2 protein chains.
Amino acid sequence: RCQQSYQVQTGPSGCRRCYVYRSAPPATKSFSVKCSPKVQCSVSHQPKLSSYLSPIKLDEGSTVLITMSCASEEENDSKLSIWYYGEDKSILGKALLHLTAVEISLDVDADRDGVVEKNNPNKGTWKWGPKGHGAILLVNCDSEWRYAKTLDSEQNFISTDSDLKDMSLMVLRTKGPAKLPEGYKLTMHISQGDAESIRVFMVKSSGNVLCNYLKKHYPMMLNSGVLTREVPYVGGSEEVHFYVEGRRFPDKDFNGLISINLSLLEPINQALPETPIFTDKVVFRVAPWIMTPNTLEPIEVFVCSTSDNKKFLQGMRNLVGGSGYKLKICHEYVNRGDRWMQDELEFGYVDAPHHHFPVVLDSPRDRELNNFPYNVLLGPDFGYVTRVPHRRDVSSMDSFGNLEVSPPVTVNGKEYPLGRIIIGVAFPTATKGRNMTKVVQDFLWAQTVQEPVALFSDWLVVGHVDEFMTFVPAPDRKGFRLLLTSPDAGYKLFRGLQRDGHGKAKLFDGLHDEKPVTVDEILDDENLEAENNYVQSCVDWNRDVLKRELGLDDEDIIDLPILFKMAEDEGVLRAMPYYPDMVNMIVLGKNLGIPKPFGPKVNGHCALEAEMCRLMDGLGLKCTFIDDFAAYHKLLGEVHCGSNVRRKAFEFKWWNVEM
Amino acid sequence: RCQQSYQVQTGPSGCRRCYVYRSAPPATKSFSVKCSPKVQCSVSHQPKLSSYLSPIKLDEGSTVLITMSCASEEENDSKLSIWYYGEDKSILGKALLHLTAVEISLDVDADRDGVVEKNNPNKGTWKWGPKGHGAILLVNCDSEWRYAKTLDSEQNFISTDSDLKDMSLMVLRTKGPAKLPEGYKLTMHISQGDAESIRVFMVKSSGNVLCNYLKKHYPMMLNSGVLTREVPYVGGSEEVHFYVEGRRFPDKDFNGLISINLSLLEPINQALPETPIFTDKVVFRVAPWIMTPNTLEPIEVFVCSTSDNKKFLQGMRNLVGGSGYKLKICHEYVNRGDRWMQDELEFGYVDAPHHHFPVVLDSPRDRELNNFPYNVLLGPDFGYVTRVPHRRDVSSMDSFGNLEVSPPVTVNGKEYPLGRIIIGVAFPTATKGRNMTKVVQDFLWAQTVQEPVALFSDWLVVGHVDEFMTFVPAPDRKGFRLLLTSPDAGYKLFRGLQRDGHGKAKLFDGLHDEKPVTVDEILDDENLEAENNYVQSCVDWNRDVLKRELGLDDEDIIDLPILFKMAEDEGVLRAMPYYPDMVNMIVLGKNLGIPKPFGPKVNGHCALEAEMCRLMDGLGLKCTFIDDFAAYHKLLGEVHCGSNVRRKAFEFKWWNVEM
């Protein structure tokens, strides 16, 4: 049987074991082995020799390990022979093995340098960190077309060459005779579990790639319907190219790892299935979706234009233009009056050594801006992803003003070089409350590189974390400050004004759509103070969580003087800002766009603006106050809620995170 | 505001921070702090003192950290006062804090010694290994009742005291004044995600526990419908006991970890929800389901009695009785002719420091033995678990003859002290094939401590791994040997017989229901040899996988002389044993119950039995050959398929596995 079973050699990694005892004639006592030049063999429990000409005692464990130094040029161009001896060295039989060596290697960019190297020893596993290894796959979630678009990952074919750069190159390298021995073949295969997450296309090297029928040139090899397929063996020293496409982001039921196998099949006889005698395996990890904190440089700013927000738009134009960034306006025929650009979507990106592009996460909020992310943003090298709640259990908590991300932090020794995602949920002890919907939370947690922190934001009518916190860049300490709303700081400021004789100074002065109120009136309102004590305790609760989960000290936090008031909402009392909520700002490098608070004036200057500037000056930040009172504040939102910033990606590569 | 906000102290772990700057009157330049004896305070950026009587400069970061050395006996029995000074040390104001200290600690058995210790610093996290920590929960999957049973975990109440030992004790320890200050309260809460996996009951210490209305004494605290509930505060130094019940095994969507929180809530005013000012957290891991390999000592053996298996039963009675174990016979009115005791169920167990019991995994195979695991096995301290396939995609691969477990192994340095689960699936390169159903595979992988290995068994008509492999104990090497079927070994044996002049010896001699066949006839059948070459290559393929995944050498493996033949099955050729498949044996300590092969006789002795004995003698194992030809072999099963062994649990504790 040896002849047959050992005909094909797979190398360099491959080698074959011949169970000498099994194939020996009965009564065999010893055996000897001789090979032709390119063949190396080693007999179990024997010193390594080029041949074993003098008889070796045969026992049940006797095996010969056969390898070959290089690929064959022709079929059966090498040989190995085994003689079997009985008592007194009589020859009982001889086995002649005809050997053909084929080099097979399925290759990927396992060292993450953007180039597919040859037979990387680590290609079959995946390891995090700068010393790590393992190839990377992007979810092909952009669309090569601006019009009549579909997600590329939802097309069963490659519609244009440009789509290839969103995929990962995989190379099959073979070296051997012009053709494989009769009946032998190569197959590529994936598991049922991985099949829904990827697709593999082959590059047909046939001539004109510019012709109109590109599908012909990139035939689909594997997908959820086809788990295994024969791949061509090209004689001599050849390469066959494949492109692997990611189709799913990591999620609760998918850790992001997939593997692709290539096997050499050996025939037994016509009637029986072939058996794999050599399998090469490569592993990919699907790149996670990554968010960008305020400390990264902006690229463009998105706002909505509505019938009533001219003032706001003018303010934003000046700020964004003045800061040297692009302002993109979503017009009314698209936004249909929905001005909350922050809430409908979150900008992020995906990154691999060979390619990267921005990806918008579309919120299940789905109000009038619903179609903006897909219809306007999705396009070539601009990806799109969303999650659809099981039931329609969508609340205000699902707006992405309730989804933020911190700058990079280190928490008792553990590094988060991409920061940590921050979401707002119901109070842990609340018997009932509003939460971000499960499918979105599952998605965020599954990305793993920006491990989320859950804050308590259900105490607010709108319920978004951006109503009480934000991050601004800082030249010192951790490179940023956490800004928190603080009623206590607000009361302190107002008491100071009263003491200095400004008790009659008016908030909202000159606003025709708001009744002015004096500092004295605010300080006399005991109920308001009780409500603000409650708000302060809610903020302090989150302050403690943020200090613990982001590793912050009190010195990393700045309290902003902002008062709240309570209103009944769904039968419970919840909070809303008493005057424009200055923490709900847009951060553009060193320029801050802050809701104009309309605070009490002292010598013609707003005391709240003055305090805000004083606090930010120390960090070298410039405050621009934008009047959003009528068009946003009165509708329970502010500057941040009404804008969205697409920022540059991190320099830091996610695969270098230590997990 | 300080008065109010700092009234309650939580200790020992708890401490409160007073933001002096916030509460200071305007124009305050400095402050001083004085506390009563039991109070310790420390001012930010100041040396630690018992009091700070000389004024300290006030800045925005000024905070006072307040702790207390012991619990209060009465409400507000301690005080802390802060003086605020302006320019030239003029006193601008004073804040007096009334302090009440309450000790709160939610306790579990985090050090895994079976006893709930006090406030273990690691109780809030879970770590694997002998140096690890973290409490353990059992799935309460047994039934306290033998008759009219339901799984205890499916009852919403505790039906008998004996049920408590299946749960984990959790103790709330409090120390403080007779009652909490007005409006303060304790609540226990869990997350929505954890809520479906556990339940928490409270022990009402009210009198007669033997009364009939036990529910009254163990009121339900938390479950999937109630995520948070107030728990009583008992004055003085008191304990409240809780019992935590696991309801779900780890699975693809559940990593087994759950946490329970206890918070002290502070009131703000009537209209507003309270805020937690102190939260204590404990973490449990649900114990995995663990399988028991052949090397563990048997307790009882299960077989079916049918109209036609008297011979087999007699053989088993002698073997099991002779080995000193209990034989349990499932009678025909229960098994309704289904004799495949191995296939309907798998015995395993769950283990925690406080308790452990066997748990049967019921196969989705569901033939006539369907109800046996639930109706017969489930009972007090005998658990039950099953998985229901999404679609009815159940095949022969779902029988548990296709689910085995290896003895403990070490694979390049990685230890598997509980062995590795082994299942059979379709050939990786097969375009279509039979697999174990996904929900069962997901369940097995999710248990994690016996990481599964998938073998290729679809080449067999029946398709079970126990048709070509088993493990037997050994005195040397790794403590066991892997036995594999080997057509090569079979052919070698038959060739030897032919050479020694026994070519006319007959297999199946004297069996009235099988036509005898001679050694010569077998060796002359070229088609049979081709089929066995194929079978050998399938076994060798699995042999390579087993060597790699279990870290075995060829010396750890013994080839058994067994031939196969191919038959058409669902349009493809698959294999079945040519004569009784000796590897399909029952292992009872040093006694092996082996299918009687009915091989060719040499001087009145079966050559196959002789070879089998020769191979096993070296390991000190005794072979008993059991005639299963008519009642099992002819129906494509053997001794192992027709029996099942419940074994002792591992001495090794699963939580000591290094993950």
Side-chain angles (χ1 to χ4, degrees), chain A residues 1 4-5 19 21-27 44 60-61 63 187 189 191-192 227-228 252-253 261 263 265-266 268-269 271-277 279 427-431 435 438 459 486 488-489 491-492 495-496 498-500 529-531 533-534 536-538 541 554-555 559 566 572-573, chain B residues 1 4-5 17 19 21-27 44 60-61 63 187 189 191-192 226-228 252-253 261 263 265-266 268-269 271-277 279 427-431 435 438 459 486 488-489 492 495-496 498-500 530-531 533-534 536-538 541 554-555 559 566 572-573:
Chain A
R1 213 169 67 74
Q4 182 178 30
S5 162
Y19 295 98
Y21 182 80
R22 288 188 195 166
S23 50
S44 50
E60 297 185 14
T63 57
T187 64
H189 48 102
S191 71
Q192 183 70 65
L227 304 188
T228 177
K252 186 170 189 184
D253 62 351
N261 308 284
S263 293
L265 301 191
E266 177 174 71
I268 305 299
N269 72 36
L272 302 170
E274 309 89 347
T275 53
I277 54 174
T279 296
F427 211 44
T429 58
T431 40
N435 275 310
K438 185 168 181 307
W459 55 277
S486 170
D488 282 354
Y491 272 94
K492 183 175 176 58
R495 289 203 195 87
Q498 187 177 52
R499 181 209 51 189
D500 301 343
E529 182 173 16
E531 292 176 351
N533 287 342
Y534 169 68
Q536 185 66 58
S537 65
C538 293
W541 167 256
D554 287 310
E555 290 70 16
D559 291 319
M566 307 294 284
V572 285
L573 281 173
Chain B
R1 211 169 72 73
Q4 183 177 29
S5 164
R17 173 176 273 99
Y19 294 98
Y21 181 81
R22 288 188 194 167
S23 50
S44 50
E60 297 184 15
T63 57
T187 65
H189 49 100
S191 73
Q192 182 71 63
V226 183
L227 303 188
T228 178
K252 186 169 189 184
D253 62 351
N261 308 285
S263 293
L265 301 191
E266 177 175 70
I268 304 299
N269 71 36
L272 301 169
E274 309 90 345
T275 53
I277 53 174
T279 297
F427 211 42
T429 57
T431 41
N435 276 308
K438 185 168 182 307
W459 56 275
S486 170
D488 282 355
K492 184 175 176 59
R495 288 202 196 88
Q498 187 177 53
R499 181 210 49 188
D500 300 342
E531 292 177 351
N533 286 342
Y534 169 68
Q536 186 66 58
S537 66
C538 293
W541 167 257
D554 287 309
E555 291 70 18
D559 291 316
M566 307 294 286
V572 285
L573 282 172

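Nothing here was measured: the structure is a model prediction, and the numbers come from that model. Order of the sequence lines sets the chain letters (A, B, ...), proteins ahead of strands, with each chain counted from 1.
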Trainee: Going from CG on Asn533(B) to CD on Glu266(A), what distance comes out if it is rounded to the nearest 0.5 angstrom?
Mentor: 10.0 Å

Trainee: Say you draw a straight line from CZ of Arg22(A) to CD of Gln536(B); how long is it, rounded to the nearest 0.5 Å?
Mentor: 4.0 Å

Trainee: So which part of Asp559(B) gets closer than 4.5 Å to some heavy atom of chain A, the side chain, the backbone, both or neither?
Mentor: side chain

Trainee: Among Pro25(B), Pro276(B), Ser263(B), Ala489(B), which residue has the highest count of heavy-atom pairs closer than 4.5 Å to chain A?
Mentor: Pro276(B)

Trainee: Is Tyr491(A) close to chain B through its backbone or its side chain, or both, or neither, when contacts mean heavy atoms under 4.5 Å?
Mentor: neither

Trainee: Would you say Lys492(A)'s side chain and Ser23(B)'s backbone share a donor-acceptor pair under 3.5 angstrom?
Mentor: no

Trainee: Select one option (side chain, backbone, both, neither) describing which atoms of Thr275(A) are under 4.5 Å from chain B's heavy atoms.
Mentor: both

Trainee: Where on Ser191(B) is there a heavy atom nearer than 4.5 Å to chain A: the side chain, the backbone, both, or neither?
Mentor: neither

Trainee: Please classify the contact between Arg495(B) and chain A as side chain, backbone, both or neither, with a heavy-atom cut-off of under 4.5 Å.
Mentor: both

Trainee: Atom CG of Asp554(A) and atom OH of Tyr21(B): how far apart are they, to the nearest 0.5 Å?
Mentor: 14.5 Å

Trainee: Testing the basics here: between Gly496(A) and Pro26(B), what is the closest heavy-atom pair and its distance to 0.1 Å?
Mentor: N-CG, 3.3 Å

Trainee: Report the residues that fulfil side chain to side chain donor-acceptor pair (under 3.5 Å) with Ser44(B), sequence neighbours left out, ordered by chain and then residue number.
Mentor: none

